[in-house]
Amino acid sequence: MIISMYRIAVTNRHLCEGDFLARITKIAAGTAYDAILLREKDLQAEEYLILAERVVSICKKYNKKCILHNFPEAALQLEHPYLHLPLNRWDEWEEKESLRNAMREIGTSVHSVEQAKKAMELGADYITAGHIFLTDCKKGLPPRGLNFLQQICAITSVPVYGIGGVKKENEQSILECGAKGVCIMSGCMRE
C-alpha cells in the first residue's frame with residue numbers, strides 16, 4: 001500500500017551543484033517537494049537574513065512553504081511564520097512564549113526519545129527525527145534506524161519527518177514507521 005507523503009527539501013548550499021538560488025527556484029517551482037527548509041547554519045545572522053529574504057520571496061512566488069532555520073531573529077524581522085529551531089536553542093530562548101505567539105509553526109530536530117519528549121513539552125508543531133540511514137552528512141556516525149523512528153512516532157502527537165540518508169528507495173519504509181514524511185538534503189541539492 002502506498003501512503004501519501006510530505007517531502008521537505010533541506011538546503012545546504014555547499015552541496016548545491018550550480019547556482020544556489022536557481023536551485024531554490026527549481027525546487028519551489030516543481031512538485032517533488034512540499035516545503036523548503038532553509039538550513040544554512042554556517043552563515044552569520046545578517047547573511048542569513050539577506051538570504052532568507054530572497055528565498056522567502058522565491059517561495060512566495062511559487063506558493064511553496066518556506067521554513068527558516070536556527071535564526072528566530074530573521075523570522076521575526078521578516079514576519080515569517082515558519083521556523084525550525086534546534087531543540088537546545090529553543091529550550092534556551094528566553095522569550096519562548098512571545099516567539100511561540102509570533103510563529104504559526106515551530107518545528108525542531110530530535111535524536112532521542114528524551115529529546116522528542118522535550119520537544120512535546122516545548123510545544124513543537126512537528127519534529128524531524130534522525131539520522132535514519134547512513135549519510136555523508138553524518139560521516140562516521142551510525143544511523144539510528146527505523147526502530148528509532150518508530151519509537152519517536154509512537155510517543156509524539158505531532159507530525160514526524162525522517163531525515164538522514166533518505167532516498168526514493170527507502171521513503172516508503174519511513175512512512176511505514178508512522179512518519180508523515182521525509183526530509184531530503186543531498187538529493188534536492190544535487191538533482
Side-chain angles (χ1 to χ4, degrees), residues 2 4-86 89 104-109 111 126-141 143-144 159-175 179-191:
I2 301 292
S4 69
M5 133 177 27
Y6 194 85
R7 285 188 184 94
I8 301 172
V10 181
T11 72
N12 181 338
R13 67 193 192 293
H14 300 294
L15 295 177
C16 185
E17 295 177 356
D19 180 73
F20 180 69
L21 291 176
R23 172 68 59 191
I24 295 297
T25 301
K26 182 179 178 184
I27 294 168
T31 58
Y33 297 95
D34 300 288
I36 296 173
L37 175 59
L38 185 62
R39 184 181 179 260
E40 300 300 323
K41 299 192 301 187
D42 65 318
L43 293 177
Q44 296 299 313
E46 188 59 34
E47 295 170 311
Y48 185 87
L49 176 64
I50 292 165
L51 181 61
E53 191 168 25
R54 295 178 78 184
V55 172
V56 166
S57 176
I58 292 167
C59 289
K60 280 183 182 174
K61 178 179 178 181
Y62 294 99
N63 198 28
K64 186 74 66 179
K65 182 178 183 180
C66 179
I67 305 165
L68 301 185
H69 180 275
N70 195 45
F71 291 96
E73 303 87 350
L76 292 167
Q77 190 167 338
L78 295 172
E79 297 180 353
H80 189 73
Y82 303 107
L83 178 64
H84 187 96
L85 202 51
R89 187 141 157 70
R104 184 179 312 159
E105 184 178 274
I106 301 178
T108 193
S109 305
H111 308 287
Y126 72 88
I127 60 174
T128 61
H131 66 285
I132 305 304
F133 303 107
L134 281 174
T135 174
D136 287 342
C137 295
K138 302 284 185 184
K139 276 193 193 283
L141 289 176
R144 290 180 172 81
V160 176
Y161 302 94
I163 190 169
V166 178
K167 298 178 171 88
K168 296 250 187 257
E169 311 83 70
N170 59 28
E171 287 180 340
Q172 193 64 31
S173 64
I174 287 174
L175 296 180
K180 180 176 180 180
V182 298
C183 298
I184 299 172
M185 180 186 292
S186 296
C188 76
M189 290 290 99
R190 293 181 174 147
E191 48 182 41

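- Residue pairs that meet the salt bridge (charged side-chain N to carboxylate O under 4.0 Å, His left out) test with at least one member in residues 160-170, sequence neighbours left out, do not exist here.
- Expressed to the nearest 0.5 Å, how far SG of Cys66 lies from CG of Leu78 amounts to 9.5 Å.
- A distance of 10.0 Å separates OG1 in Thr25 from CZ in Phe20, rounded to the nearest 0.5 Å.
- By the neighbour-count criterion of 12 heavy atoms within 6.0 Å, atom CG of Asp42 is densely surrounded, having more than that number from other residues, nucleotides or ligands.
- Pairs passing the salt bridge (charged side-chain N to carboxylate O under 4.0 Å, His left out) check and including a residue from residues 43-72, sequence neighbours excluded, read Lys65-Glu105.
- Contact check for Tyr62 versus Ile24: no side-chain heavy atoms found under the 4.5 Å cut-off.
- The two residues His131 and Gly164 have their closest heavy-atom pair at CB-CA, 3.7 Å.
- Remark: Tyr82 OH to Ile106 CD1 distance equals 12.5 Å, nearest 0.5 Å.
- Residues Pro143 and Leu134 have side chains in contact (heavy-atom distance under 4.5 Å, counting atoms from C-beta outward).
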Show which side-chain atoms of residues 32-40 pair as donor or acceptor with protein atoms under 3.5 Å away, not counting sequence neighbours.
from  : atom 1 : to    : atom 2 : distance (Å)
Asp34 : OD2    : Arg7  : N      : 2.8
Glu40 : OE1    : Arg13 : N      : 3.2
Glu40 : OE1    : Arg13 : NH1    : 2.7
Glu40 : OE2    : Thr11 : OG1    : 2.7
Glu40 : OE2    : Asn12 : N      : 3.2
Glu40 : OE2    : Arg13 : N      : 3.1

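- In this structure, Thr135 and Val166 have side chains that are not in contact, with every pair of non-hydrogen atoms separated by 4.5 Å or more.
- Residues Ile67 and Tyr126 come closest through the heavy atom pair CG2-OH, 3.6 Å.
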Steps toward side-chain contact (heavy atoms from CB on, under 4.5 Å) verdict (Val56, Leu68): CA-CA 9 Å; Val56 166; Leu68 301 185; 4.0 Å; yes

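- Inter-residue side-chain proximity for Met5 and Ile174 is flagged as unmet; no heavy-atom pair is nearer than 4.5 Å.
- Between the side chain of His84 and the main chain of Thr128, no donor-acceptor pair closer than 3.5 Å is present.
- More than 12 non-hydrogen atoms from other residues, nucleotides or ligands lie less than 6.0 angstrom from CD of Glu17.
- Counting only distance, with no hydrogens or angles, the side chain of His111 and the backbone of Gly130 share a donor-acceptor pair below 3.5 Å.
- With values rounded to the nearest 0.5 angstrom, Ser186 atom OG is found 5.0 Å from Leu15 atom CG.
- For the pair Met189 and Val10, the tightest heavy-atom approach, listed with the atom from each and the gap, is CG-O, 4.2 Å.
- Between Tyr48 and His69, the gap from one ring centroid to the other reaches at least 6.0 Å.
- Here the CD1 atom belonging to Ile127 is positioned 8.5 Å from the OG1 atom belonging to Thr108, to the nearest 0.5 angstrom.
- Using a distance-only test at 3.5 Å, with no hydrogens or angles considered, a donor-acceptor pair links the side chain of Asn170 to the main chain of Gly165.
- Distance check, rounded to the nearest 0.5 Å: OG of Ser173 to CZ of Phe133 gives 3.5 Å.
- The side-chain heavy atoms of Leu43 and Ile50, taken from C-beta on, include no pair separated by under 4.5 Å.
- Nearest approach of Ala28 to Cys59, heavy atoms of both residues: CB-CA, 4.4 Å.
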